[in-house]
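Just so it is clear: chains get the letters A, B, ... in the order the sequence lines come, proteins before strands, and each one is counted from 1.
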Amino acid sequence: MSKTPKICIIDDDYIYRYTVVKKMENMRLDAKTLDFEDGEEALNYITDHLDSDTELPDVIFLDIDMPVMDGFQFLKEFDKIRHQLKKKISIYMISSSLDPIDIDRAKRANEICDYFVKPIKTEQLELVFTQLKAS
Amino acid sequence: MEKSTEKAESKIPYHKIFIEQAPTTIVMLDKNMHCIAASQRWIKEYNLQGVEIVGSSYYDLFPKISKSSKEVHQKCLTEGVNTTDEASFMNKSGKVKWLHWEIFPWFISEGEVGGLFINTIDITPQKENELKKERTEDIFAQTKEVARLGTWEISLTDNKVYWSKITREIHEIQDEYTPSLEEAINFFEEKYSRPRLSAHIQDAIEKKISFDLNFELITAKGNRRWVRVIGKPEIIDGQFKSVVGLVQDISDVTFSKLELNKAHAQLRSIFNSNHNVIFSTGESGFIDHFNKGAERLLGYSAEEMIGKKTPADFLPLEEVKKFKYDVATLIGKSPANFNHYSDITYEELSDTREWNYIRKDGTSVPVQATVSNLRNDEGINIGFTVVATDISRLKKIERRLVIKNERLNYAEQLTKISNWRYKPYTGETFHSKNLLRILEIENSSTMLTFEDFLSYIHPEDRESVVTHNEESVVNKEFKNYTHRIITAKGNIKIINNIGEVVLNTEGNVVELIGTAQDVTELKMAEKKFKGLLESAPDAMVIINSSGYIQLTNKQTEHLFQFTSEELLDQPVSKIIPQEILPLSKKNISSFFNGSKVKQLGITEPLFGIRKTGQKIPVQINMAPLQTEEGTLVSLAVRDITKQKAAQRKIIKAKENLEILAKTLTDKNQQLADFTHITSHNLRAPVSNLNSLLDIYKTTDSKILRESLFDKFEMVINHLTTTLNTLVETLKIKSEHNEDDIADIKFKQVLHRTEEILAGEILKSGARITADFSECQVIRYHTIYLKSIFLNLISNAIKYRSEERTLELEIKSMTVNGKIMLQFKDNGLGIDLEKHGNKLFGLNKVFHRHPEAKGVGLFLTKSQVEAMGGTITATSQVDVGTTFTINFN
């Protein structure tokens with residue numbers, strides 16, 4: 001994959017979104033980022049760009065706890081439009097919750113690639129990029 | 001006479017001469033009984049030759065004259081009448097003389113007796129005849145008695161019938177009875193005897209024909225007897241005056257004769273019978289009789305056999321040899337060269353055995369034959385008679401019987417039953433082979449006597465068995481009983497005897513019949529069952545289908561305090577008063593309906609009653625029990641007094657636990673809420689701080705580092721707010737102070753809230769209506785209630801619809817004694833299907849409203865729940881939301 005990957009961050013926490021972008025810059029990981037405050041905004045964007053290879057993200061960092069539409073609700077809706085997508089989108093669920101109920105529920109959702117606990121670590125970001133290149 | 005008497009005195013000498021010359025024995029006496037004259041015959045008769053008779057006194061001549069004779073003489077002299085006298089006397093030669101005297105007077109003048117004439121007639125021959133006749137009659141009478149000879153006489157002059165004593169006895173009629181001729185004849189059998197007798201008597205009377213015949217008489221008492229009647233006309237002095245006769249009872253003789261005739265007829269019919277084979281041999285050994293039955297069975301004709309063949313021609317040699325051997329042995333002679341004709345002399349032989357006769361066609365037929373010898377008057381054997389019966393059919397039946405008997409034996413072996421018969425008066429016994437097997441006697445051909453059997457009976461039971469037997473005979477009833485035996489091998493077994501007493505028509509005991517069954521295993525099983533019953537931890541009660549107690553165990557006695565005897569045959573309701581079985585139902589098994597056990601007293605209370613009347617809670621396991629006597633029901637009764645007490649304790653504990661669980665659930669929920677808050681609302685800013693710090697450390701850019709401080713400030717402010725909210729929540733959840741509680745008027749709280757929110761209400765133009773008519777005052781936490789009003793009203797304003805004026809209705813209610821408060825708006829509404837579970841969560845925001853922080857409802861819920869109430873919401877997107885608080 002030669003193209004610069006597009007990474008979508010769905011999280012209502014502005015500071016978190018900021019730290020992820022800055023961390024990637026520090027690690028010199030070349031990526032375009034898109035950010036949404038809740039699941040609904042992200043879903044609307046994806047629905048609007050179903051056919052656009054360039055507009056659709058390669059990776060989604062999805063928060064659980066969000067207003068209006070939370071991470072699980074987003075996954076449910078995303079699953080409905082998945083088959084219409086032009087490209088494969090890898091979803092990583094990233095939450096500050098250490099609640100085992102949340103972790104278990106996230107891991108059981110087959111739409112996601114992995115579950116990371118905030119703050120996201122360097123190695124985890126590297127893994128995301130490695131897997132992206134491999135696919 | 002008178003004329004001659006007149007001339008008597010003058011003519012005495014003439015008289016005298018006349019008398020002396022008279023041919024009769026006569027003497028003439030004067031009035032003084034002195035002889036005047038006597039005939040020569042008189043002198044000769046009295047042997048008075050040479051004796052001076054004339055002038056002698058008559059009494060001097062015959063000094064032995066009796067006084068009575070003298071009186072006769074005097075009577076004649078005085079009354080002048082003729083008399084007679086009679087006397088016997090012995091003469092000198094010792095011979096008895098019978099004399100008859102005719103005494104008549106002679107007259108001197110009319111009316112004057114001159115003396116007597118005594119004319120002597122010797123009647124000795126007549127007298128002797130008379131005596132002889134009397135004697136004969138006497139003997140005859142005695143003979144009649146012995147020979148049962150009765151006499152009768154029909155007098156022809158008056159047609160009267162005379163019957164002797166014996167005759168009356170034969171007729172079985174009383175002594176005084178005198179019949180007429182017709183009546184006499186009517187005693188005879190009507191059909192044959194009466195007309196015959198009648199005719200013969202007629203002939204006797206009319207034609208003087210005698211008869212001697214047998215007739216059948218029916219006595220006055222209705223008995224039939226045969227009599228021989230002899231009748232003959234009696235002619236006396238040439239005159240036919242009567243018919244006399246004899247009657248003799250000959251019943252015994254006649255009946256014997258009849259029997260003989262009958263027997264003879266029977267014998268003839270037997271001899272002529274087709275079914276019996278009868279033949280006989282003479283001295284020579286040749287057959288002299290060969291009946292139809294013999295012809296039929298053997299295929300030889302009588303002509304072929306009689307005088308031509310001997311029985312050896314159709315008897316198997318071996319059987320003849322055996323017969324000769326047995327006969328010789330029987331009569332105590334040497335079997336060697338024994339000849340059953342000449343060697344049997346005085347012995348009477350009657351041998352019955354089975355033979356196989358060989359027919360003319362060579363086939364053989366089994367017969368049972370009785371061989372008897374014939375003897376002449378001297379008792380010498382003059383041949384044999386043989387009566388034989390074809391027993392081929394019997395043999396077949398016998399074979400079948402043998403097979404059946406074998407099967408019976410087998411069945412008896414399997415069931416360990418033996419059948420027996422015992423005749424108490426003869427001591428005869430019969431028993432099936434299996435009895436020997438039961439007794440473990442190896443030699444299985446012996447037939448045991450009653451005494452033999454007794455010897456196998458256990459010594460302790462022997463007397464009772466004998467007694468039982470005797471009682472059976474006396475009472476004519478056999479009661480089933482059980483006794484022990486010691487077998488030939490020394491094993492003790494238990495025998496059950498079932499039997500009955502056979503009576504004859506007179507009601508006398510003929511025999512006892514019955515079966516003896518080895519019930520050792522059954523008894524052992526019964527013992528095991530009883531042992532099991534006794535060891536059962538529950539009170540076991542076995543009842544029959546009518547609900548009567550049949551068996552109980554020790555535990556039953558313990559539980560109900562009745563003894564087993566007190567319970568036996570009592571209705572089960574004595575200890576379990578409630579109806580546990582549908583006893584009206586005939587079929588118990590249908591009650592159980594396939595299921596093995598029914599449990600009672602599990603859900604419904606069930607009680608047992610002790611002897612003392614004390615009630616005890618019980619549980620019953622009930623099961624049908626199939627036995628020989630029908631379906632029984634076993635009840636396992638368990639005292640559950642302790643369980644009941646324990647149950648009450650458990651229920652109490654359970655109730656306490658439920659309260660505890662409720663509290664714990666509440667606490668747990670609060671803890672979960674707290675966990676959620678810490679994991680989301682506290683961890684997020686902390687992780688942000690970490691991330692920012694990480695960026696700060698790794699960057700060299702000064703500009704970036706400075707800009708990072710703004711971010712740090714933002715995160716720290718957020719964290720502070722969150723922590724403040726949490727602290728407040730924790731305060732709510734902790735125990736509140738009694739001083740915070742007061743009676744508060746809803747109206748007042750609403751008023752205060754409206755004052756606080758006056759600006760926003762004004763700006764939004766919201767219309768708030770309130771109805772506290774149902775409940776105006778509540779005793780509640782003052783600060784919480786104010787907070788609840790503030791949060792819910794500000795929420796309503798915050799999430800109002802832009803398209804319509806907010807209308808908020810607040811209403812207090814009392815439902816089931818509980819105070820409720822309702823806030824109903826016409827705002828944006830929430831999709832509760834999506835967000836329902838998060839509605840009251842901390843920092844949960846459902847609208848992109850700048851002021852939405854997700855704190856208000858979280859606090860409201862905490863406050864309501866801290867006071868023991870609940871808050872719920874119903875909502876419809878773009879219609880409105882209703883919050884309902886149940887203050888409880």
Side-chain angles (χ1 to χ4, degrees), chain A residues 9 11-29 36-44 61 63-77 93-106 115-125, chain B residues 671-701 703-705 707-708 710-719 722 828 830-831 833-839 841-850 852-854:
Chain A
I9 304 165
D11 201 311
D12 59 333
D13 188 343
Y14 162 71
I15 300 296
Y16 164 74
R17 296 199 302 268
Y18 173 82
T19 56
V20 172
V21 174
K22 284 301 163 197
K23 196 171 178 81
M24 284 195 296
E25 281 173 14
N26 277 356
M27 287 170 70
R28 303 196 196 288
L29 292 168
F36 302 99
E37 282 202 26
D38 61 59
E40 197 177 83
E41 284 181 358
L43 193 69
N44 289 342
F61 288 158
D63 185 25
I64 292 174
D65 224 12
M66 290 179 293
V68 187
M69 180 184 276
D70 69 17
F72 292 111
Q73 285 165 344
F74 172 82
L75 279 179
K76 201 176 159 191
E77 295 303 318
M93 210 158 220
I94 299 168
S95 169
S96 58
S97 176
L98 287 167
D99 190 339
I101 295 168
D102 284 340
I103 297 168
D104 188 53
R105 192 176 164 203
Y115 176 86
F116 301 141
V117 176
K118 286 177 187 176
I120 192 161
K121 293 181 188 70
T122 310
E123 313 85 70
Q124 287 167 335
L125 274 174
Chain B
L671 216 62
D673 290 347
F674 191 76
T675 310
H676 193 78
I677 291 162
T678 48
S679 71
H680 286 271
N681 306 73
L682 290 178
R683 272 214 79 238
V686 170
S687 85
N688 279 345
L689 285 177
N690 283 328
S691 299
L692 291 171
L693 198 62
D694 189 37
I695 294 162
Y696 182 83
K697 278 178 186 166
T698 53
T699 189
D700 298 326
S701 162
I703 303 153
L704 184 60
R705 280 189 176 182
S707 71
L708 278 174
D710 290 342
K711 312 294 182 214
F712 273 122
E713 199 182 349
M714 278 173 72
V715 176
I716 287 160
N717 282 344
H718 180 63
L719 191 59
T722 307
L828 292 169
I830 321 155
D831 185 350
E833 276 190 32
K834 271 189 191 173
H835 308 295
N837 58 333
K838 291 188 284 189
L839 187 61
L842 180 61
N843 289 5
K844 297 296 175 189
V845 178
F846 308 99
H847 302 94
R848 292 184 197 98
H849 189 280
K853 291 195 189 88

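Note that the CG atom of Asp694(B) and the OG1 atom of Thr122(A) stand 6.0 Å from one another [nearest 0.5 Å]. Between His718(B) atom NE2 and Asp13(A) atom CG the span is 6.5 Å, to the nearest 0.5 Å. Atom OG of Ser691(B) is separated from atom NZ of Lys118(A) by 9.0 Å, given to the nearest 0.5 angstrom. Rounded to the nearest 0.5 angstrom, Glu25(A) CD and Ser701(B) OG are separated by 10.0 Å.
For Thr698(B), the side chain to side chain donor-acceptor pair (under 3.5 Å) partners two or more places apart in sequence, or in a different chain, are Asn26(A). Under the side-chain contact (heavy atoms from CB on, under 4.5 Å) criterion, Asp831(B) pairs with Glu833(B), Lys834(B), His835(B), Val877(B), sequence neighbours left out.
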Next on the checklist: The test is side-chain contact (heavy atoms from CB on, under 4.5 Å); show your working for Tyr18(A) and Leu708(B) and say whether it passes.
Outcome noted: CA-CA 10 Å; Tyr18(A) 173 82; Leu708(B) 278 174; 3.6 Å; yes
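For chain A, the nearby parts of Asn688(B) are the backbone and the side chain; heavy atoms of each come within less than 4.5 Å. For a residue to count as touching a neighbouring chain, one of its non-hydrogen atoms must lie under 4.5 Å from one of that chain's; by this rule Val20(A) does not touch chain B.
For the set Val715(B), Leu692(B), Val686(B), the count of heavy-atom pairs under 4.5 angstrom toward chain A peaks at Leu692(B).
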